[in-house]
Protein chains: 2
Amino acid sequence: MERPVLPLGAPRAERADAVRNRRHLLATAREMLAEQGGADRLTMDALAARAGLGKGTVFRRFGTRAGIFQALLEDDERAFQEQVMAGPPPLGPGAAPLDRLIAYGRARFAFMLGHREIARATLDGSQSVPAGSETPLSRTHIRMLLGQLRLGGADLDMLAVQLTAALDGPLLLYLSASDLTEAAAGIEERVARAWQDLVQRVCRP
Amino acid sequence: MERPVLPLGAPRAERADAVRNRRHLLATAREMLAEQGGADRLTMDALAARAGLGKGTVFRRFGTRAGIFQALLEDDERAFQEQVMAGPPPLGPGAAPLDRLIAYGRARFAFMLGHREIARATLDGSQSVPAGSETPLSRTHIRMLLGQLRLGGADLDMLAVQLTAALDGPLLLYLSASDLTEAAAGIEERVARAWQDLVQRVCRP
DNA sequence: AGCATAAACGGACTTTACCCCGCTTAGTAT
DNA sequence: ATACTAAGCGGGGTAAAGTCCGTTTATGCT
């Protein structure tokens with residue numbers, strides 16, 4: 001007989017048990033994080049044991065310790081992305097590009113602040129390019145909005161990278177620990193204002 | 001007799017042998033990096049062995065693996081800082097603030113590009129605040145220049161953090177290895193232009 | 001249903017960062 | 001010079017990340 005077109009692009013879907021185990025591991029990881037707070041107290045051995053699986057399985061699924069946190073973050077990011085792509089304006093579509101950009105910054109920083117511990121744990125010394133670079137939500141969205149703004153002659157791709165850095169992970173890196181813990185409430189508003197000011201400066205005609 | 005004012009602020013200078021060992025370890029680390037390239041191939045055991053010192057000494061001096069790379073980077077940063085603080089304009093003093101800001105971005109990115117591997121290795125999953133935050137060269141300098149620019153009503157401290165993130169962040173976190181090796185020459189110029197465009201947009205009246 | 005095969009699994013093994021603590025030594029005060 | 005003390009040193013010990021490979025199992029095909 002004839003073999004059906006062997007999908008070279010789609011290298012065969014994940015097996016059902018693999019999917020189950022991945023989900024189970026992520027759920028277990030969340031439990032452990034909730035119970036004993038502190039991402040650095042989550043060890044791969046403990047995770048495997050608590051999930052009732054072998055350590056080999058954990059690494060097969062996530063590749064590396066940081067991989068687990070990347071998966072967790074990606075998971076939470078889906079809901080956020082939904083709001084951006086299909087939620088009510090000004091975050092969702094329908095508002096003017098500049099207003100969406102401002103709203104995006106506020107929402108994104110709040111998200112990152114809420115996930116700062118997990119986000120930090122996605123970084124990994126041995127990976128040359130860390131998390132979020134694969135699914136560059138912020139960069140892509142910002143790039144899209146910049147495209148609608150008709151800025152004269154700028155390198156929009158690079159500008160998107162710069163603005164992403166000024167908003168997303170890198171900003172978090174440069175805010176000191178005390179900024180983040182002491183005045184968690186205040187910092188959110190302050191960053192939101194600063195972001196608004198930044199993009200208004202960048203985008204004015 | 002009377003004890004001399006016991007300096008509580010200056011917790012007693014480092015002992016001579018400690019200084020000697022610190023320098024020796026840094027020099028040895030540089031040798032090893034040069035020989036076998038790849039920061040991740042440098043192990044603490046190997047470093048201690050090659051330096052003829054105990055492993056404990058290495059950790060006592062640098063605290064952590066990332067600490068070694070932070071020390072190496074800081075070391076190289078001194079020369080760079082010299083240029084910024086006392087070198088010829090427009091990087092050094094004497095030029096208009098905006099020109100200095102532009103020149104600083106270009107120079108800083110070139111520096112980071114040359115040190116990207118070490119810089120990357122200063123990041124450490126378990127440290128909440130990474131390299132360069134202790135001696136925030138970029139942030140401080142940018143803040144100072146912004147102060148001279150008389151921008152109306154902006155949150156200059158936060159703007160400095162944002163710009164620092166936009167300058168240093170991409171290299172650390174977003175630009176992939178291929179971006180950097182393929183077009184190493186091109187990327188430098190492109191980033192420099194983008195930086196110039198960004199700060200001109202931000203700082204125009 | 002039975003078979004072939006690639007994927008997934010488990011857990012012992014290796015490597016490496018980092019800790020601990022008894023011993024040594026530089027610096028200082030007398 | 002001598003003695004005192006805090007800092008420094010060494011290297012064996014621990015814990016956790018990541019690898020390997022023999023065994024098990026899901027899945028598609030006949």
Side-chain angles (χ1 to χ4, degrees), chain A residues 1-8 10-26 28-29 32 36 38-71 121-127 130, chain B residues 1-8 10-25 28-29 32 36 38-71 121-127:
Chain A
M1 278 290 95
E2 186 158 342
R3 308 220 308 220
V5 187
L6 218 274
L8 267 82
R12 185 84 144 273
E14 217 170 25
R15 245 166 61 171
D17 51 349
V19 173
R20 201 168 45 241
N21 284 338
R22 139 118 95 271
R23 278 206 260 267
H24 183 213
L25 282 168
L26 287 179
T28 306
M32 295 176 76
Q36 43 171 318
D40 48 352
R41 257 179 291 178
L42 182 71
T43 77
M44 305 301 263
D45 274 317
L47 174 59
R50 171 144 174 180
L53 294 170
K55 192 149 66 117
T57 305
V58 178
F59 279 93
R60 162 168 286 263
R61 283 284 77 88
F62 299 104
T64 175
R65 186 187 137 85
I68 289 193
F69 294 100
Q70 291 168 21
T122 62
L123 291 184
D124 178 292
S126 60
Q127 284 182 311
Chain B
M1 279 290 93
E2 185 157 342
R3 307 219 307 218
V5 187
L6 218 274
L8 267 81
R12 185 83 144 272
E14 219 170 24
R15 245 166 60 172
D17 50 349
V19 173
R20 201 165 46 240
N21 284 339
R22 133 106 78 347
R23 278 207 261 268
H24 183 214
L25 282 167
T28 307
M32 295 177 74
Q36 42 172 326
D40 47 351
R41 258 178 291 177
L42 182 72
T43 78
M44 306 301 266
D45 274 320
L47 174 60
R50 171 143 174 179
L53 294 169
K55 214 183 346 169
T57 306
V58 178
F59 280 95
R60 164 168 284 262
R61 282 284 78 85
F62 300 104
T64 175
R65 186 187 137 84
I68 288 193
F69 295 100
Q70 290 169 21
T122 61
L123 292 182
D124 178 289
S126 59
Q127 284 182 309

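Sequence lines set the chain letters: A, B, ... in the order given, protein chains first and strands last, and positions in each chain run from 1.
Taking only side-chain nitrogens and oxygens, B:Thr64 comes nearer than 4.0 Å to OP1 or OP2 of C:dC18. At least one side-chain nitrogen or oxygen of A:Arg61 sits closer than 4.0 Å to the OP1 or OP2 atom of C:dA8. OP1 and OP2 of D:dG8 both lie 4.0 Å or more from every side-chain N or O belonging to B:Arg20. For the OP1/OP2 pair of D:dG8 and a distance below 4.0 Å, the side-chain nitrogens and oxygens of B:Thr57 include no atom meeting the criterion.
The CE-C1' distance, from A:Met44 to C:dC9, rounds to 15 Å in whole Å. Rounded to a whole Å, the CG atom of B:Leu47 is 19 Å from the P atom of C:dT15. Between the C1' atom of D:dC9 and the CD atom of B:Glu14 lies a distance of 14 Å, rounded to the nearest Å. Between B:Arg41 atom CZ and C:dA17 atom P there is a gap of 14 Å when expressed in whole angstrom units. One atom, CD1 of B:Ile68, and another, C1' of C:dA17, lie 11 Å apart when rounded to the nearest Å. When the C1' atom of D:dA16 is taken as reference, atom CZ of A:Arg65 falls 9 Å away, rounded to whole Å.
The local environment of CZ in B:Arg23 is sparse, with at most 12 non-hydrogen atoms from other residues, nucleotides or ligands closer than 6.0 Å.
Contact annotation: the side chain of A:Ile68 never approaches that of A:Phe59 to less than 4.5 Å [non-hydrogen atoms, C-beta and beyond]. No side-chain heavy atom of B:Asn21 sits under 4.5 Å from any side-chain heavy atom of B:Arg60. At a threshold of 4.5 Å between non-hydrogen side-chain atoms, the residues A:Leu123 and A:Phe69 do not count as touching. Put simply, the side chain of A:Leu47 reaches to within 4.5 Å of the side chain of A:Val58, judged on heavy atoms. A:Arg22 is listed as a side-chain neighbour of A:Phe62, based on a closest heavy-atom distance under 4.5 Å.
Each of B:Asp45 and A:Asn21 has a nearest nucleotide on DNA chain C; the 5'-most of these lies closest to A:Asn21.
Between the two ends of the helix from C:dA1-D:dT30 to C:dT30-D:dA1, each summarised by a five-pair axis, the helix axis turns through 20° (rounded to 10 degrees).
Using a 4.0 Å cut-off between charged nitrogen and carboxylate oxygen, B:Glu14 and B:Arg20 do not count as a salt-bridge pair.
Distances from the side chain of B:Leu53 to the nucleotides C:dA17, D:dG10, D:dA17 place D:dG10 closest.
Judged by distance alone, the side chain of A:Thr57 and the main-chain N or O of A:Leu53 form no donor-acceptor pair under 3.5 Å.
Rounded to the nearest 0.5 Å, atoms CE (B:Met44) and NZ (B:Lys55) are 10.0 Å apart.
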Check: protein-nucleotides 19-25 of chain D nitrogen or oxygen pairs below 3.5 Å:
unit_1: D:dT25; atom_1: O2; unit_2: A:Arg15; atom_2: NH1; d: 3.3

